[in-house]
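Side chains are part of it too, since the values below use all heavy atoms of this structure and drop only hydrogens, waters and symmetry mates.
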Amino acid sequence: MSDAAYGADSGTHSSGAHDRRARRNSGRHGRGGKPRHLVRKIVICLVLLLLVFAGVSAVLGYKLYREAQQVKAHEQQALTLLSSVQSVDQLKDPNAISTVLPKLQSETSAARAITNGTLWKVASVVPVYGDDITTVRGMAVAVDSLANDALPKLSTTVQTMLSSSLAGGGGKINLQPIVDAQSGFKSANSSLQSDLKSLKALPDPHLSQVKEPYDLAVEQFTTVSEKIDQVNDLIQMMPRFLGADGARNYLIVAQTTSEARSSGGLIGSMGTFSADNGVISVGDFHPNGEFLSLGGFDSTAEENTVFKKHLNLIYDLRGQTAFPDFSRTASNANAIWQRSKYASATDGVMMIDPVFVQEMIKLGGNVTLPNGQQLTGENTAEFLLNGIYKTVPVAQQDAYFEYAASSAMNNVFSNITVDKVLSITQSFSSLADQRHLYLFSFHDDDAKSFQGSGFAKGTPDSETNPETGIYLNQNNASKLDWYVHRNTVIRRQSCNADGSQDYRVEATITNTISQADLTSGNDYLLGGLDGIGKPGTPVESILFYPPKGGSISNFSVTGDADKPGETSLDGKKLWTSVATIAPGKSVTYAYDVHTSPKATGDLKLDQTPMGWTDSGVTYDTKACTIK
């Protein structure tokens, strides 16, 4: 092969290799550059998508905000309207119901419709603040249910009752309209309690804009539910009490809170109250002196420790109210009655005090005493608890009380109307809650409606609705407890992870007797004759009970009283102390309360009744909300 030929071949080879390398290089550059362009495009697309999403989120967020403002306005208006129809008295006014209820339903339905939208459902799953959305939605459902279910049922039931007559002729009460109303009240109350339970179970709001209306809703619901629950209890109980299921004969026990005992005061007299299918009869009262020789009961070692160590309790009829648990008082009083010459078959025990008599006079009309003095719905308690001991001879005092009580009971049940029955039911509930009235049945079928519904209180016995008990017993034989004023502050300190709560209780007891009464008062009023306490100076033996499933601790005492010591009674722990309270002086007890983890309600105070309906208790629960 010639050089030329070689050279030609060589050039061709060189050129091809170059082209191949160029193509390989070109290929490498192409494969490296194309992904870079693709990534750039993807990034741009993602940025655009994020911008679009952000824009959509902003739009949705703004829409949610605007709708939230609308819901807030609807709920606030609904709660305002609800405040005007939250009691039976308000439900009795057909004009108010026809005006308020449609407006209330319009507001609650609008709020519920908004919060039931897809946007709200999606927003409720957002971490943290989704809980606030869930709470708003749940609140809208609960308030709407109240407006469209429980309240209409109550309104219809009440209006139907009001259109009925209770006059049965011959002084008899026609009980059928009350019996007919029982199912309506029961159904409405069940719905209301269920709505309240659902409302309380909602998540704790994080935002103040949600927490404020939520707390208001819980407060309003609780107020309504407590009132309706009480009325429902009485509507279920009243026909049985008045003998709808057969004649009922009750032992009626009269006690005076001017000489305090745990569940009321010294028993002054006993009589009878009978009801047979709406026919009412109040029998004669007999003074305690007729029963004293009949003995009392056999005391236990625990009872002697509590009632004999500091309190020189006499275990005859007069001292039966020393027990905070009324079941014991009812049993013992009935046993004494059955040993007397007045013995008769009894179906239960009713215990009343002058505050109860005053409230019945307020409902049934004034009572004029044989001496011409008129008792009203304002002055009866003061006269029977204080004035009578200043102006009426001791031998006549029981007769005055008997006349006032008999007249009040006969008046309130004569010319009965549905409106009066509803007023009686509400009055009975509050009086029983404050221990001015007790209704105890010996019949198992009646017991659920009597003591089972809170009309015969005992010591604290509920873990879900906790109470702390403070019960006083006067050591200085006198009528000084009219002057003993009690004020108690209960402050919630914390709501704990296990469901329990902690409170601080501060109870102040003050002797308010005036110098004029100290100067002019007689020995029967002022005491000081038995070596326990000076005239005008109460000496109180006090029992402190923790809530069921809870505890009390860290007592501090200010004033002339000893620090409470622990003991037991009927298998329950309690603390006892003795306070000596000179005129114008006070004693203050402060202690911590820890509730059961099962507690779902605020801690309440159960206490010995005073001579008025104001309990003197202030509750401060703003520290936290119970879940």
Worksheet entry | For the student: nearest non-hydrogen atoms of Thr608 and Arg486, plus distance | O-NH1, 2.8 Å
Worksheet item: Donor-acceptor pair, Gln397 side chain versus Val392 backbone, under 3.5 Å?
Response: yes
Worksheet item: Counting N and O atoms only, with roles assigned by atom type, does the side chain of Asn511 sit under 3.5 Å from a partner on the main chain of Ile581, one being a donor and the other an acceptor?
Response: yes
Worksheet item: Will you find, in the side chains of Asp606 and Tyr545, an N or O donor that is under 3.5 Å from an N or O acceptor?
Response: no
Discussion item. Give me the atom names and distance for the closest heavy-atom approach of Thr380 to Gln358.
Written reply: N-OE1, 3.2 Å
Fill in: Approximate separation, where rounding is to 0.5 Å, of Lys534 NZ and Leu526 CG
14.0 Å
Discussion item. With a 4.5 Å cut-off on side-chain heavy atoms, are Phe440 and Thr329 touching?
Written reply: no
Item to complete: Taking Ser407 for its side chain and Ala404 for its backbone only, find out whether a donor-acceptor pair lies under 3.5 Å.
Response: no
Fill in: Donor-acceptor contact below 3.5 Å, side chain Ser406 vs main chain Glu402
yes
Worksheet item: Do other residues, nucleotides or ligands put more than 12 heavy atoms under 6.0 Å from the CG atom of Asp444?
Response: no
Discussion item. Can you tell me how far apart NZ (Lys548) and CD (Glu467) are? Round to the nearest 0.5 Å.
Written reply: 12.5 Å
Worksheet item: How about Glu359 and Leu363: do any of their side-chain heavy atoms sit closer than 4.5 Å?
Response: no
Worksheet entry | Flag for Thr588-Thr508: side-chain donor and acceptor within less than 3.5 Å | yes
Practice prompt. For the residue pair Leu543 and Pro324, establish whether any side-chain heavy-atom pair is separated by less than 4.5 Å.
Written response: yes
Worksheet item: Where do Asn465 and Lys604 land on the side-chain contact (heavy atoms from CB on, under 4.5 Å) test, with the steps shown first?
Response: CA-CA 8 Å; Asn465 295 299; Lys604 301 295 185 182; over 6 Å; no
Worksheet item: Would a line drawn from the ring center of Tyr591 to the ring center of Phe555 be shorter than 6.0 Å?
Response: yes
Practice prompt. Considering non-hydrogen atoms only, spot the tightest contact between Val484 and Ile509 and give its length.
Written response: CG1-CG2, 3.4 Å
Worksheet item: Passes side-chain contact (heavy atoms from CB on, under 4.5 Å), Met161 versus Phe185? Steps please.
Response: CA-CA 11 Å; Met161 282 185 68; Phe185 272 99; 3.7 Å; yes
Worksheet item: Between the side chain of Thr368 and the main-chain N/O of Gln374, is any donor-acceptor distance below 3.5 Å?
Response: no
Worksheet item: Would you say the side chain of Asp481 lies within less than 4.5 Å of the side chain of Met610, judging by non-hydrogen atoms?
Response: no
Worksheet item: Arg318 side chain to Gly268 main-chain N or O, any donor-acceptor pair under 3.5 Å?
Response: no
Discussion item. Looking only at side-chain N and O atoms, does Asn473 offer a donor or acceptor that is under 3.5 Å from a partner on Ser262?
Written reply: yes
Discussion item. With a 3.5 Å distance limit and no angle check, can you tell me whether Asn334 reaches the backbone of Val349 through a side-chain donor-acceptor pair?
Written reply: no
Worksheet item: Is the backbone of Ile235 close enough, under 3.5 Å, to the side chain of Gln182 for a donor and an acceptor to pair up by distance?
Response: yes
Discussion item. Under the criterion side-chain contact (heavy atoms from CB on, under 4.5 Å), I'd like the reasoning laid out for Asn277 against Leu175: C-alpha separation, chi angles, the key distance, then a yes or no.
Written reply: CA-CA 7 Å; Asn277 198 26; Leu175 299 175; 4.3 Å; yes
Worksheet item: Looking at CD1 of Ile552 and CH2 of Trp575, how far apart are the two atoms once the value is rounded to the nearest 0.5 Å?
Response: 4.5 Å
Worksheet item: Can you tell me how far CZ of Phe544 sits from CD of Gln607, rounded to the nearest 0.5 angstrom?
Response: 11.5 Å
Practice prompt. Go through Ser263 and Phe323 one step at a time and tell me if the side-chain contact (heavy atoms from CB on, under 4.5 Å) criterion holds.
Written response: CA-CA 6 Å; Ser263 59; Phe323 303 101; 5.7 Å; no
Response to the item:
Nearest heavy-atom contact between Ser568 and Val306 is O-CG2, 4.0 Å
Worksheet item: Are any of the side-chain heavy atoms of Val355 and Gln434 separated by less than 4.5 Å?
Response: no
Using residues 244-256 as the side-chain source, report each donor-acceptor pair under 3.5 Å to any protein atom, sequence neighbours left out, with the distance given to one decimal.
from: Asp245; atom 1: OD2; to: Arg240; atom 2: NH1; distance (Å): 3.4
from: Arg248; atom 1: NE; to: Asp446; atom 2: OD2; distance (Å): 2.8
from: Arg248; atom 1: NH2; to: Asp446; atom 2: OD2; distance (Å): 3.3
from: Asn249; atom 1: OD1; to: Ser274; atom 2: OG; distance (Å): 2.9
from: Tyr250; atom 1: OH; to: Phe241; atom 2: O; distance (Å): 3.3
from: Gln255; atom 1: OE1; to: Gly265; atom 2: N; distance (Å): 2.9
from: Thr256; atom 1: OG1; to: Ser258; atom 2: N; distance (Å): 3.2
from: Thr256; atom 1: OG1; to: Tyr389; atom 2: OH; distance (Å): 3.3

Fill in: Side chain proximity check, Asn174 to Ser165, heavy atoms < 4.5 angstrom
no
Fill in: Asn379 side-chain N/O to Thr376 backbone N/O, donor-acceptor pair under 3.5 Å
yes
Worksheet item: Does NZ belonging to Lys390 count more than 12 external heavy atoms closer than 6.0 Å?
Response: yes
Worksheet item: What pairs of residues pass the ring pair (Phe, Tyr, Trp, His ring centres under 6.0 Å) test when at least one of them lies in residues 340-370, not counting sequence neighbours?
Response: His286-Tyr342, Trp337-Tyr342, Phe356-Phe428
Worksheet item: Is the count of non-hydrogen atoms from other residues, nucleotides or ligands lying under 6.0 Å from Arg328 atom CZ greater than 12?
Response: yes
Worksheet item: CG of Leu518 to CD1 of Ile513: how many Å apart, nearest 0.5 Å?
Response: 4.0 Å
Discussion item. Assess, by modelled atom type and distance only, whether the side chains of Thr257 and Asp353 contain a donor and an acceptor separated by less than 3.5 Å.
Written reply: no
Worksheet item: Do Phe291 and Ile267 come within less than 4.5 Å of each other through their side chains, counting heavy atoms only?
Response: no
Item to complete: Please report the shortest heavy-atom distance between Leu525 and Asn386, naming the atom on each side.
Response: CD1-ND2, 3.9 Å
Response to the item:
One should read off an interatomic distance between Ile542 CD1 and Leu574 CG, to the nearest 0.5 angstrom, of 12.5 Å
Discussion item. Per the salt bridge (Lys or Arg N to Asp or Glu O under 4.0 Å) rule, what does the pair list look like for residues 408-434, sequence neighbours excluded?
Written reply: Lys92-Asp419, Asp433-Lys457
Item to complete: Kindly say whether Asp570 contributes a backbone atom to a donor-acceptor pair with the side chain of Glu302 at under 3.5 angstrom?
Response: yes
Fill in: Exercise: identify the closest heavy-atom pair between Ala330 and Phe442
O-CZ, 4.3 Å
Fill in: Sub-4.5 Å side-chain heavy-atom contact between Thr618 and Asp620
no
